[in-house]
Amino acid sequence: MGIAGLLREVDGSGEFGVWLGRLDGVPVFEHQAERTHYSASTMKLPVAMAMMRKVEAGELVLDQPVTVHNDFESAAGGRFGVSADHDDSPTTWTKLGTQVPLGWLATEMITVSSNLATNLVLEQVGVDAAHAELGPGPSAVRRGIDDVGAKRAGISNEMSPAGLAGVLVAVGNQNGSSGEYLRDLLAGNQWNGEIPALLPAGTRVEHKNGWDTRIRHDGGIVRPPDADPFVLVVCTTSDLADADAQKLIASIALEAWNHRHDLGAVR
């Protein structure tokens, strides 16, 4: 059927974007790759990248203590807190009022997608530094998770497939311990219902996904043992049932996998 055929099957049910290419950053297949979607948790990757840039500069250290709290400065002014009911990681909440290492929070942010951990890391890093990791283009980090006041003011985090692919290419090519650290974080992702779902068991996928009402995204570096790595990003904002959106992303990933020896033959 091909990726284009899979997209035709869902035509009219929402907005779908795809970016597929290798680690040289050159796409071999694109569909609405520049159109932005609400980023959901995909914004956590540029937050982690900005953190490691500050670690390299000596401005932060991974073992520095951070007090776990739930009171943050809103991008629209005032203060806000994260909703525990909408956080997929309960572990961070058990640490309220205690100190934990910054690196522990980063692991919670990426591997189990903790929203509270994300805002604590973002508070150390700064919104501007996280946004800068995205480079030029329409993708943006403008606020923390659950910043309701900012949302009401129209301040949102946005991600295009091309934008997420750009940061994945950067991470995939980053030399030294910071690159290894980020890639291992992504490989440790425990939410694997999209890109990894239909790939052979044990395939290394360094990915970050995101989900919300009508939102299901995933972007990652897939490392086949018998072919060069490839980068795939699929963003969906649609009326599909969430399980169907996950299945669409997994099916697109399987199409890419099946063409891994000749990625340019993907249609």
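In terms of modelled atom types and a separation under 3.5 Å, the side chain of Asp212 and the main chain of Ala40 share no donor-acceptor contact. Remark: the backbone N or O of Leu116 is paired with a side-chain donor or acceptor of Asp87 at under 3.5 angstrom. Without hydrogens or angle criteria, Asn192 side chain to Ala197 main chain gives no donor-acceptor distance under 3.5 Å. Under a 3.5 Å cut-off, the side chain of Arg260 and the backbone N or O of Pro224 do not form any donor-acceptor pair. A donor-acceptor pair under 3.5 Å links the side-chain atoms of Asn189 to the main chain of His207, judged by distance alone. Side chain of Lys44 to main chain of Ser113: a donor-acceptor pair is present (N/O by atom type, distance under 3.5 Å, no hydrogens or angles).
Side chains of Asp88 and Trp191: a donor-acceptor N/O pair is absent below 3.5 angstrom, by distance only. Judged by distance alone, the side chains of Thr42 and His217 never bring a donor and an acceptor atom under 3.5 Å apart. A donor and an acceptor atom, one from each side chain of Ser74 and Asp147, are located under 3.5 Å apart.
Across Trp19 and Gly21, no two heavy atoms sit closer than the pair CZ3-N, 3.2 Å.
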From CA spacing to verdict: side-chain hydrogen bond (donor to acceptor under 3.5 Å, both in side chains), Ser238, Ser13: CA-CA 6 Å; Ser238 76; Ser13 58; 5.4 Å; no
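Screening Glu15, His37, Arg35 for a side chain to side chain donor-acceptor pair (under 3.5 Å) involving Thr237 leaves a single residue, His37.
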